[in-house]
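Residues: numbered from 1 along the sequence shown.
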Amino acid sequence: MSTDKNRKELLKKLSRNLMVSVPMMTVVAVAGFNASSGPGLGLIPSAEAAQGEAEGEARGEAEGEAKGEAEGSAKGEGEAEARAEGEAEGHAEGEGEAEGEGVSAKLKNAVRRPEGYTPYQGNVADLRAQGEKLFNDTSLSSNGLSCATCHANGAGYNATFKNEYPHVVAMGQRDFGMDMVHLDEMVQICMVAPMAAEPLEWGSEELAALTEYSRVEQEKFIDKQ
């Protein structure tokens, strides 16, 4: 009987020990789990935050690069357009200058004697006197020149000026495509080219007067040869 009693007492002690040790073991196990795994678990929010930051930075960089590329592309297109416009404007200005420096087809035709043309007829002396005034008249031009500006005292005439008209005139051939030039056509050429004005009206007294005074200039030039 004493053996059974001792056995029972021993079993009670073991039960009490188990009741104490099991919670302690659980606490220890949990503590150990927390100690070993807690930092790992604690890293999850940090990892998520780090990942979020990395994704944010990557997204920001991507957006920045995309924006930069878009802005660069827009800037490049703008510069290309500006360059194109500048080139277009420069090309247009170049054409305008070329047209300004040349002679239009309309003016080239306007300096030629009309078909069936008959010059104005008047007193030669009167026409020459009137022609001398017109020869020195700057109001005939658009640039302040007069015939006398280039031909004062017989200056500025080519050697061919002594030849009887019509004859070949270098400026008429070069700028107006005229193989032979009459004296009144030469007056019209000077009106259009050096004096930058409209030609005089064909058959007008003014044209006849300047043409007759040009004959006086021609005679003076021949006399000096």
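Linking ILVMFWY residues whenever their side-chain heavy atoms come closer than 4.5 Å, directly or via other members, places Tyr117 and Ile189 in the same cluster. Under a hydrophobic-cluster definition in which Ile, Leu, Val, Met, Phe, Trp and Tyr are linked whenever side-chain heavy atoms come within less than 4.5 Å, directly or via other members, Met178 and Leu200 are assigned to the same cluster. Residue Met191 is grouped with residue Val111 when hydrophobic side chains (ILVMFWY) are merged at heavy-atom distances under 4.5 angstrom, including chains of intermediate members. In this structure, Tyr165 is a member of the same hydrophobic cluster as Val216, with clusters built from ILVMFWY side-chain heavy atoms closer than 4.5 Å. Linking Ile, Leu, Val, Met, Phe, Trp and Tyr residues whenever their side-chain heavy atoms come within less than 4.5 Å leaves Phe135 and Tyr120 in two separate clusters.
A side chain to side chain contact (heavy atoms under 4.5 Å, CB included) with Phe176 holds for exactly one of Val192, Val181, Val169; it is Val192.
Heavy-atom neighbours of Glu201 CD from other residues, nucleotides or ligands within 6.0 Å: at or below the threshold of 12. Remark: Glu164 CD is loosely packed, at most 12 non-hydrogen atoms of other residues, nucleotides or ligands lying under 6.0 Å away. Surrounding CG of Asn153 are at most 12 heavy atoms belonging to other residues, nucleotides or ligands under 6.0 Å away.
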Going through the distances and angles, do Val168 and Asp179 end up as a side-chain contact (heavy atoms from CB on, under 4.5 Å)? CA-CA 6 Å; Val168 177; Asp179 294 330; 5.9 Å; no
Would Thr160 and Asn158 count as a side chain to side chain donor-acceptor pair (under 3.5 Å) here? Give the steps. CA-CA 5 Å; Thr160 55; Asn158 289 334; 4.8 Å; no
Take Met180 and Glu185, measure what side-chain contact (heavy atoms from CB on, under 4.5 Å) needs, and give me the verdict at the end. CA-CA 10 Å; Met180 301 290 286; Glu185 289 177 324; over 6 Å; no
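When side chains are defined from C-beta on, Met186 counts as touching Met171, because their heavy atoms get closer than 4.5 Å.
The two atoms that bring Ser141 and Leu145 nearest to each other are OG-O, 2.7 Å, heavy atoms only. The minimum heavy-atom distance linking Arg112 with Gly177 is given by the pair NH2-O, 3.1 Å. Residues Leu107 and Pro199 come closest through the heavy atom pair CD2-CD, 4.0 Å.
Checked by atom type and distance alone, the side chain of Lys162 pairs as donor or acceptor with a backbone atom of Ala159 at under 3.5 Å. Checked by atom type and distance alone, the side chain of Glu206 never pairs as donor or acceptor with a backbone atom of Gly131 at under 3.5 Å. Side-chain atoms of Trp202 come within 3.5 Å of backbone atoms of Ala110 as a donor-acceptor pair (strictly under, hydrogens ignored). Side chain of Gln188 to main chain of Asp184: no donor-acceptor pair is present (N/O by atom type, distance under 3.5 Å, no hydrogens or angles). Put simply, the side chain of His151 never gets that close to the backbone of Ala148: no donor and acceptor are under 3.5 Å apart. Glu217 places no side-chain N or O within donor-acceptor distance of the main-chain N or O of Ser214, the cut-off being under 3.5 Å. Between the side chain of Asn136 and the backbone N or O of Glu132, at least one donor-acceptor pair lies under 3.5 Å.
Here NZ of Lys106 is found 7.5 Å from OG of Ser104. Values are rounded to the nearest 0.5 Å. Annotation: the span from Arg113 atom CZ to Thr118 atom OG1 amounts to 9.0 Å, rounded to 0.5 Å. Taking OG1 of Thr138 as the reference point, atom CE of Met195 lies at 8.5 Å (rounded to 0.5 Å). With values rounded to the nearest 0.5 angstrom, His167 atom NE2 is found 11.0 Å from His182 atom NE2. The distance from the CG atom of Leu140 to the SG atom of Cys147 is 6.5 Å, given to the nearest 0.5 Å. One distance of note links CG of Leu127 with CG of Leu210; it measures 10.5 Å at 0.5 Å rounding.
Between the side chains of Thr149 and Ser146, at least one donor-acceptor pair of N or O atoms lies under 3.5 Å.
Ring geometry, Phe161 versus Tyr157: the interplanar angle falls under 30°, so the pair is classed parallel (tilted spans 30 to 60°).
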